[in-house]
Number of protein chains: 2
Amino acid sequence: MTPALRLDADDPTPPYEQLRRQFVDLIGSGVLPPGERLPPLRQLAGDLGLAVGTVARTYRELEAAGLVRSRRGGGTRVTRDVPPPEAGPALDRHATAYARQARLLGADLEAAVTALRRSWPAG
Amino acid sequence: MTPALRLDADDPTPPYEQLRRQFVDLIGSGVLPPGERLPPLRQLAGDLGLAVGTVARTYRELEAAGLVRSRRGGGTRVTRDVPPPEAGPALDRHATAYARQARLLGADLEAAVTALRRSWPAG
DNA sequence: CTCCTTGTGTCAACCGATTGATACAAGGTC
DNA sequence: GACCTTGTATCAATCGGTTGACACAAGGAG
């Protein structure tokens, strides 16, 4: 099972790049461990409403970065060796980004925490 | 004196958006205080190697967000008041985005909250 | 008022990203 | 071997961002 990947339509960043960054996070943090298989091109493209070529570009760039290995018929899998430039700090990076935005909006820490708890999906 | 603004040529994110995000950071963090003047369009465009229209778009979006006020002949300055009406919904938007990233990384709510508290600037 | 500054608007042109379709190549399964 | 899956490659077409140039509008300073 692959985590829910999503695209922000309001973000001018091209979809192939949004996708790439999410995979970098997932691989770097170990959510997608070495050997884990990424979704087939057509399946992921269908789920996200993208063209096959767009997802293919994401996979191509991930492979160029050495994070992934693609084989025809065999799918795309996370590389065995782990080049971790930002493995652990992934969550902290996003936390910092959220904190910055919250402060920009005039919120204090507790307001930010409350908003976070409110936004957390049930489960 | 305006902080060093830089563009990452390797980042597929359009320049006007890279610029916009940097100003959001600078304003939100107080580096650019209320009333502070942003560089003139032509000057900033010249320094960054951009067309005037590209920088103009950044300023236009900042103004639409209420962070900045542009006047012909008078330049563009940081707004006196922090945008209060959009604060609530905007905070929720960022909280949701952070929550999603955190869950993507396999973190639970408490881990996300801890990371947030850790990332919150002192003061 | 005059002149300079500065933001705004428009235009044609180029480039990169995306789409949707099609065809092809290579691994996996039977 | 045949067959399905999956990644790769190409194509024309569309869309958005960017450029460079130019004209215009409005505030500031003398």
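In what follows, chains carry the letters A, B, and so on, assigned in the order in which the sequence lines appear, proteins first and then strands, with residues in each chain numbered from 1.
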* Asked: Is A:R42 side chain donor-acceptor paired with the D:dG7 base, going by distance under 3.5 Å alone?
  -> yes
* Phosphate contact (D:dT6 OP1 or OP2) by A:S70 side-chain N/O below 4.0 Å -> no
* To do: May I ask you to evaluate whether B:Y16 reaches the phosphate of D:dT18, defined as a side-chain N or O under 4.0 Å from OP1 or OP2?
  => no
* Do the side-chain N or O atoms of A:Y59 get closer than 4.0 angstrom to the phosphate oxygens (OP1, OP2) of D:dG7? -> no
* Structure fact -> Rounded to whole Å, CD of B:Q18 lies from P of D:dG17 at a distance of 14 Å
* Structure fact -> The single option from A:V68, A:L67, A:I27 that satisfies side-chain contact (heavy atoms from CB on, under 4.5 Å) with A:L32 is A:I27
* To do: Provide, to the nearest angstrom, the distance between the CZ atom belonging to B:R72 and the P atom belonging to D:dA26.
  => 5 Å
* Asked: Would you say C:dT6 has OP1 or OP2 under 4.0 Å from some side-chain N or O of B:R71?
  -> no
* B:T54 vs D:dT19: side-chain N/O to OP1/OP2 distance below 4.0 Å -> yes
* Does B:R57 put a side-chain nitrogen or oxygen below 4.0 Å from OP1 or OP2 of D:dT18? -> no
* First encountered from the 5' end of DNA chain D, between B:P14 and A:G75 -> A:G75
* Asked: Contact class for B:E17 (heavy atom, under 4.0 Å): base, sugar-phosphate, or nothing?
  -> nothing
* Please check if atom CZ in B:R21 has more than 12 non-hydrogen atoms from other residues, nucleotides or ligands closer than 6.0 Å. => yes
* What is the nucleic acid contact for A:P15, judged by heavy atoms within less than 4.0 Å: base, sugar-phosphate only, or nothing? -> sugar-phosphate
* Send over the distance from A:R37 CZ to C:dG27 P, rounded to a whole Å. => 14 Å
* Structure fact -> Taking every heavy atom of B:T58 against every heavy atom of B:Y16, the minimum-distance pair comes out as OG1-O, 2.9 Å
